[in-house]
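Working notes, beginning with the structure itself.
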Amino acid sequence: MTAETLIKVATENGITTVTLDQPDKRNSLSLAMLQALSDVLTELAGDNDTRVVVLAASGKVFCAGHDLKEVRDQFGDQSRQKLLFDLCSKVMQQLVNLPKPVIARVAGVATAAGCQLVASCDLAVAADNARFATPGVNIGLFCSTPMVALSRNVHRKHAMEMLLTGEMIDALRAEQIGLVNKVVDEQALDATVYRMAGVIAGKSSHTLEVGKAAFYQQLELGLADAYNYTSQVMTDNLATADAQEGICAFLDKRNPEWNDR
């Protein structure tokens, strides 16, 4: 099975849509799907035509997490199981480290590693029919890797509630706890997602890259270290062509002309 049969990729106006396209398997994160997604993200990292990435899925399920039939077939083969979880962890980090903002477009269910996928994106917009869960506890396999992304996006007590109960939450609850940015009628989902993507795509891509990297880096630092780090980031940012163009354009009351550097 090739990457093209698992994932669709399309770029328009600087926005690249990456669509998980195995609805018959609930877009589960099999080894093949994870490898295909990893390969796509590697390509996008160096693609100058892509300014924003939208992560979407075909069918009625956004992503049901790992392929449990595949997992069952690997019982007794810990090296294969470790490969699966290592590759999944790699993909989640690729999303965070991608030098382009990533927006999750969520319709339907996102559970376990599928919920992790949403949490690993920079932004998320959900249809009002979307639902989320980390239900591993229900089958004796605690959602330990999904916990990493979840606990970095929502309050720890909300994360623990999802992890310990395994219960599904609806889109509005996901918005309340910070797992998604917006909840809209399913008919308005694409319009909302691509309006947001279009606004972001109109910014300097270099500035977005600098800002996204700094955001995640400072989260891991103590308060004083975070300020020291971001002060240097801003100093370096100010020396770039786009920062100087942007400031001059603002003062001159004109639209900036980005050089993306």
Side-chain angles (χ1 to χ4, degrees), residues 18 20 27 29 52-57 61-65 88-89 91-98 100-138 142-186 188-197 199-200 203 208 211-223 226-227 229-230:
V18 177
L20 307 184
N27 298 310
L29 297 181
V52 180
V53 174
V54 172
L55 183 62
V61 175
F62 177 78
C63 179
C88 184
S89 297
V91 167
M92 301 306 164
Q93 291 176 80
Q94 282 182 277
L95 287 167
V96 172
N97 294 325
L98 192 73
K100 333 270 183 181
V102 184
I103 305 171
R105 175 204 177 277
V106 189
V109 173
T111 55
C115 185
Q116 179 184 11
L117 200 58
V118 175
S120 297
C121 293
D122 305 302
L123 303 169
V125 180
D128 53 10
N129 67 352
R131 294 184 296 158
F132 306 84
T134 48
V137 68
N138 296 333
F142 201 83
C143 283
S144 297
T145 48
M147 172 172 65
V148 175
L150 185 67
S151 64
R152 282 163 169 74
N153 277 262
V154 307
H155 192 282
R156 66 179 60 188
K157 283 187 170 56
H158 294 141
M160 284 296 284
E161 181 179 358
M162 290 183 67
L163 291 161
L164 294 174
T165 67
E167 293 180 343
M168 200 80 74
I169 63 170
D170 62 21
L172 290 176
R173 180 59 176 162
E175 183 183 28
Q176 290 172 353
I177 67 175
L179 182 57
V180 302
N181 296 83
K182 294 183 179 181
V183 176
V184 298
D185 185 277
E186 188 175 14
L189 183 59
D190 280 336
T192 305
V193 168
Y194 287 101
R195 181 190 176 281
M196 180 184 288
V199 169
I200 297 170
K203 315 302 183 187
L208 293 174
K212 176 174 173 175
F215 178 82
Y216 290 111
Q217 180 66 32
Q218 62 85 26
L219 284 176
E220 305 300 322
L221 302 174
L223 184 63
Y227 273 115
Y229 165 70
T230 52

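Just the heavy atoms: all of them, side chains too, but no hydrogens, waters or symmetry mates, feed the values below.
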Spacing of Cys115 atom SG and Ile169 atom CD1 [to the nearest 0.5 Å]: 7.0 Å

Atom pairs and distances, side-chain donor-acceptor, residues 143-152, under 3.5 Å, sequence neighbours left out:
{"from": "Ser151", "atom 1": "OG", "to": "Met147", "atom 2": "O", "distance (Å)": "2.7"}
{"from": "Ser151", "atom 1": "OG", "to": "Val148", "atom 2": "O", "distance (Å)": "3.3"}
{"from": "Arg152", "atom 1": "NH1", "to": "Val148", "atom 2": "O", "distance (Å)": "3.4"}

side-chain contact (heavy atoms from CB on, under 4.5 Å) partner of Phe132, chosen from Val109, Ile177, Asp170, Leu179: Leu179

Heavy-atom closest pair, residues Val180 and Ala171: CG2-O, 4.1 Å

For Ala197 against Val52, the heavy-atom pair lying closest together: O-CG2, 3.7 Å

Exercise: identify the closest heavy-atom pair between Ser120 and Val96: O-CG2, 3.8 Å

Interatomic spacing from CE in Met196 to CG in Asn181 - rounded to 0.5 Å: 5.5 Å

Nearest non-hydrogen partners of Val137 and Thr165, listed with the distance: CG1-C, 4.0 Å

Side-chain touch Leu164/Phe142, heavy atoms, less than 4.5 angstrom: yes

Polar side-chain atom of Glu161 near backbone of Lys157 as donor-acceptor pair, under 3.5 Å: no

Spacing of NE2 belonging to His158 relative to CZ belonging to Arg173, to within rounding of 0.5 Å: 4.5 Å

Spacing of CD belonging to Gln93 relative to CG belonging to Leu98, to within rounding of 0.5 Å: 13.0 Å

Check against side chain to side chain contact (heavy atoms under 4.5 Å, CB included), Thr111 and Met168: CA-CA 8 Å; Thr111 55; Met168 200 80 74; 4.0 Å; yes

Asn138 to Gly166 - nearest heavy-atom pair and separation: ND2-O, 3.5 Å

Closest approach of Val154 to Gly178 (non-hydrogen atoms, all atoms of both residues): CG1-C, 4.0 Å

Pair listing, salt bridge (Lys or Arg N to Asp or Glu O under 4.0 Å) test, anchored in residues 105-131, at least two apart: Arg105-Asp190, Asp122-Lys212

Atom pair CE (Met92) and CG (Leu29), whose distance is rounded to the nearest 0.5 Å: 5.5 Å

Single hit among Leu55, Val53, Ile200 for side-chain contact (heavy atoms from CB on, under 4.5 Å) with Ile103: Ile200

Side-chain heavy-atom pair Lys182, Val193 within 4.5 angstrom cut-off: no

CE (Met160) with more than 12 external heavy atoms under 6.0 Å: no

Crowding at OH, Tyr227 (>12 non-hydrogen neighbours, <6.0 Å): no

Nearest-0.5 Å distance, SG of residue Cys88 to CG of residue Leu117: 8.0 Å

Side chain Asn27, main chain Ala57, donor-acceptor under 3.5 Å: no

